[in-house]
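Just so we're clear, the structure is a prediction, and the values are computed from it rather than from any experiment.
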Amino acid sequence: MAEIGTAKLDSGWLAARCGEVNFTGVELTTTHAPTGPSAPWMEAAVPGTYWTNYYLFQSVLGTLLKNKHIPDPFYGMENEAIIDIADAGREYYTFWYFTAFQCAPSGSHHVDLNFRAINYSAEVYLNGHERFLPKGMFRRHCLDVTDIIYHDRENLLAVRIHPPDHPGRIPPQGGQGGDHEIGKDVAAQYVEGWDWMTPIRDRNTGIWDEVSISVTGPIKIADPHLVSSFFDDYTRVYLHATTELENRSDWTTECSLHIQVTTELEGSICSVEHWQTQHVSIPPKSHAQYTFPPVGTALLFYKPKLWWPNGMGKQSLYNVEITVDVEGYGESDTWSSLFGFRKIENTIDGATGGRLFKVNGQPVFIRGGNWILSDGLLRLSSKRYETDIKFHADMNFNMLRCWGGGLAERPDFYHFCDIYGLLVWQEFWITGDCDGRGDPVSNPNGPLDHDLFLLCARDTVKLLRNHPSLALWVGGNEQVPPVDINMALKSELKLHPYFESSNKTSDSFDLILSSDDPSRYLDGTRVYIQGSMWDGFANGKGDFTDGPYEIQNPEDFFKNDYYNYGFNPEVGSVGMPVAATIRATMPPEGWKIPLLKKLPNGYIEEVPNPIWDYHKYIPYSKPGKVHDQIELYGSPTDLDDFCEKAQLVNYIQYRALLEGWTSRMWTKYTGVLIWKTQNPWTGLRGQFYDHLHDQTAGFYGCRCAAEPIHVQLNLATYFVEVVNTTSDEISNAVVEARVWDLEGNWEDYKLLEPYRKKKIPLNVTSKAIVNQSGYKIKVNIQNTSGNRNSESPCSDTNVTDRSNNVGLVRWMCRFFHSSNTDDSLRVVEVKGPDSGVAFFLHLSVHASKSSQQNDQADTRILPVHYSDNYFSLAPGETMNIDISFDASPGVTPNVMLHGWNYNSGYRVC
């Protein structure tokens with residue numbers, strides 16, 4: 001017998017092109033069910049790779065790729081070999097999905113079939129009965145299948161998925177959102193291609209999120225809303241909770257509605273913080289909204305653990321569970337969610353004109369990035385999401401902006417933002433290019449169906465509103481929604497008076513008592529901003545005052561006239577990955593480095609190969625403005641040399657960007673978001689890690705620049721600056737500045753080339769721990785050259801940063817502590833007769849190469865989390881690195897050390 005609860009339908013799915021299936025949906029779910037992955041049917045997902053742990057689903061194109069019916073659209077220029085929906089027609093990408101499942105509810109149970117997201121519309125057949133899933137990519141669907149579910153045998157489910165109504169056509173010149181036709185639907189707009197993305201040929205058609213069966217009793221719980229209000233300087237907190245209840249029975253039900261709040265103490269041990277029960281009576285065949293009375297009852301918390309953004313404190317989370325029991329029946333339904341106590345405020349700052357965010361009363365200087373989506377074929381998984389979000393936390397970022405041409409991000413994305421402390425700016429599905437601007441000028445009235453847009457917006461709010469990481473709603477990217485949509489969103493997302501108030505928490509209790517409970521609002525706790533360049537973002541008026549998106553002179557970021565507004569929502573630059581990624585994602589003709597063409601004005605123009613062009617490469621030069629930043633270190637000789645020097649530039653470029661903004665924290669700026677942090681395909685621009693999840697050196701430049709307490713050199717004034725973005729004051733601290741170059745003199749960066757011949761000795765110790773959660777390796781690296789005292793330069797009253805050193809090395813050395821070595825550790829000595837800086841060291845993890853693999857085989861184990869990477873060590877200095885990763889059974893991992901002076905690499909573990 002089925003129990004009360006929800007079960008995912010996440011196995012056994014098949015897919016087939018509708019035109020190749022000769023049976024109707026009724027026949028497929030009665031007399032002619034497919035029996036396995038034989039033509040025309042194929043498996044809807046393939047287990048056993050990093051791309052597993054899907055909600056099972058992906059786009060139609062992803063399914064075709066997994067079954068090798070198409071080439072990899074992200075490899076080289078193979079996307080050109082895949083027929084586009086504009087040429088093939090919508091029927092070509094109309095697909096059947098099929099599965100069979102068991103469900104044995106009792107006679108008094110009610111059963112729902114749930115689709116958390118499809119693209120774009122569908123007919124559903126269950127055991128010969130037809131249902132419909134209406135249009136819209138960002139809405140949930142719930143079908144009552146109580147009367148058609150089989151209790152005693154296998155249930156047969158077939159779903160016919162149709163593509164978006166207006167998939168559009170890709171103009172020869174490409175462009176932002178193709179011909180913009182996709183903007184007429186309520187769907188992701190990036191699928192027609194952008195200046196950073198190739199077109200997605202099926203426009204992401206498919207079941208792209210969780211499918212489940214839920215079993216309840218006569219009363220069903222739907223969309224509880226949790227809100228916290230704070231008083232007495234955050235020492236007293238009330239939890240507000242409202243839930244929708246549906247009585248599916250033919251009689252009035254007498255119910256006990258329970259709410260329980262617990263916190264995890266250690267392991268699986270939980271402490272019950274609060275428990276409350278209320279009696280509710282619900283008429284037959286009706287819906288009711290019930291609010292737990294918070295004031296004067298048990299939903300008061302005294303000094304709870306608060307949720308903080310990354311870098312400001314812990315991300316404390318409580319588990320809230322709501323259960324309904326029906327008199328004479330028992331448990332009817334249950335719902336649970338993690339919840340964080342925190343208050344987010346944001347206003348326009350009077351000093352800078354930028355939008356100022358506060359969390360729990362503390363100002364937050366925003367340093368983060370723009371997020372498109374994890375994968376362009378919607379191969380979304382909890383595991384991949386966790387890597388993505390942890391990477392951003394590792395960079396010390398505190399906000400992600402979900403760009404309006406992408407997705408309403410999934411609950412798994414938000415879950416990990418809750419865990420790792422990333423605030424989220426969520427935009428609705430409007431872009432300037434597809435909704436009123438663009439070239440050619442697009443439809444100014446947005447999607448054709450405004451009611452559908454608003455339905456999807458409301459449903460998205462209900463899906464995501466309980467996540468503490470969600471910070472604000474924004475109407476669109478570089479555009480506001482059509483007038484009627486914008487006005488509706490402003491009205492429905494209006495703030496509760498308590499959250500409108502700028503009063504202190506001790507003065508606002510009357511706003512709770514005198515108003516509707518805040519949990520009865522659609523949201524009521526977060527600001528709605530009409531567009532990404534309005535109301536405290538860019539110039540606040542909607543003019544194109546974000547950007548730029550190209551290579552910059554590092555010192556320019558520190559200049560007063562670099563950017564004139566308080567909060568820049570988009571500023572971007574280069575993003576070349578490591579050479580191994582180029583070889584893994586392109587054929588040999590894509591391994592050719594750009595031609596460096598010397599111009600009469602002395603600048604260099606980079607001429608990339610056609611494959612790099614196709615992958616949206618951004619040059620490392622800007623003739624007339626920025627000299628080629630790679631050539632500064634010597635003309636690159638091959639792919640490895642080019643990519644190594646590109647990493648050096650990546651590090652400097654992005655560290656300078658963030659340090660430049662932080663240099664004017666609160667005096668001129670309130671925040672900055674980098675365009676962008678990652679790519680949903682194998683693109684060559686705007687990324688801190690590539691699509692395979694290998695970090696660039698820019699990742700660690702950001703990590704260094706955005707550390708909560710940081711010492712930096714202002715490259716415009718050459719002043720040493722101390723940055724504190726925590727909520728605590730630093731006192732009795734000393735900044736110690738030491739000046740180093742590679743050998744004691746030089747000024748020309750091209751001298752780095754002959755310096756490669758230097759053999760700097762290193763001592764490397766490592767220790768590996770292997771358990772069910774994967775590998776954890778501690779590596780200690782010491783530069784043993786020279787006779788400099790190797791004791792730690794940092795102490796409790798001494799803040800040291802070598803970023804202010806003369807010459808290039810100022811960018812490479814970071815905070816570190818030396819430690820005692822352990823005789824039981826693995827020890828590797830890299831011998832060398834020379835003394836100097838061990839320059840630009842970086843670690844990577846590889847699987848042992850088999851005899852069948854060629855020299856160019858990609859042996860990297862990815863993803864890997866490093867506590868630091870791409871660093872330099874002066875004589876006597878030591879760096880400790882923590883490494884963690886998973887490896888497939890039977891794989892022997894090796895940790896390799898490379899660097900400017902160590903081209904061939906050394907196995908250190």
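For the pair Lys343 and Tyr498, the cation sits on the ring face: its NZ or CZ lies under 6.0 Å from the ring centre, inside 45° of the axis. Judged by the 6.0 Å and 45° rule, Arg458 forms no cation-pi pair with Phe453.
A tilted orientation is assigned to the rings of Trp425 and Phe537, their planes being inclined by 30° to 60°. His392 and Trp371 have perpendicular rings, their planes meeting at more than 60° on a 0 to 90° scale where under 30° would count as parallel. His496 and Phe499 have perpendicular rings, their planes meeting at more than 60° on a 0 to 90° scale where under 30° would count as parallel. Ring geometry, Tyr563 versus Tyr669: the interplanar angle falls from 30° to 60°, so the pair is classed tilted. Using the six-membered ring where Trp is involved, Tyr689 and Phe391 have ring planes that are perpendicular, over 60° apart on the 30 and 60° scheme. Tyr700 and Tyr870 have tilted rings, their planes meeting at an angle from 30° to 60° on a 0 to 90° scale. Taking the six-membered ring for Trp and thresholds of 30 and 60 degrees, Trp612 and Tyr617 have ring planes inclined between 30 and 60 degrees apart.
Shown here for Ala457 and Leu489, the closest heavy-atom pair between the two residues is CB-CD2, 3.9 Å.
Two residues are said to be in side-chain contact when any heavy atoms from C-beta on lie closer than 4.5 Å; Gln426 and Tyr414 meet this criterion.
For the residue pair Asp543 and Thr545, no side-chain donor N or O sits within less than 3.5 Å of a side-chain acceptor on the partner.
Atom CD in Gln687 sits 13.5 Å away from atom CH2 in Trp675 (nearest 0.5 Å).
Ring centroids of Trp194 and Trp403 are separated by less than 6.0 Å, placing the two rings close together.
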Open item on the list: Could you walk me through whether Asn477 and Glu427 satisfy the side-chain hydrogen bond (donor to acceptor under 3.5 Å, both in side chains) test, starting with their C-alpha distance in whole Å, then the side-chain angles of each, then the deciding distance to 0.1 Å, before giving a yes or no?
Closed with: CA-CA 7 Å; Asn477 165 63; Glu427 281 178 9; 5.7 Å; no
Open item on the list: Set out, in order, the CA-CA distance, both residues' side-chain angles and the distance that settles side chain to side chain contact (heavy atoms under 4.5 Å, CB included) for Val711 and Glu721, then state yes or no.
Closed with: CA-CA 6 Å; Val711 180; Glu721 300 170 338; over 6 Å; no
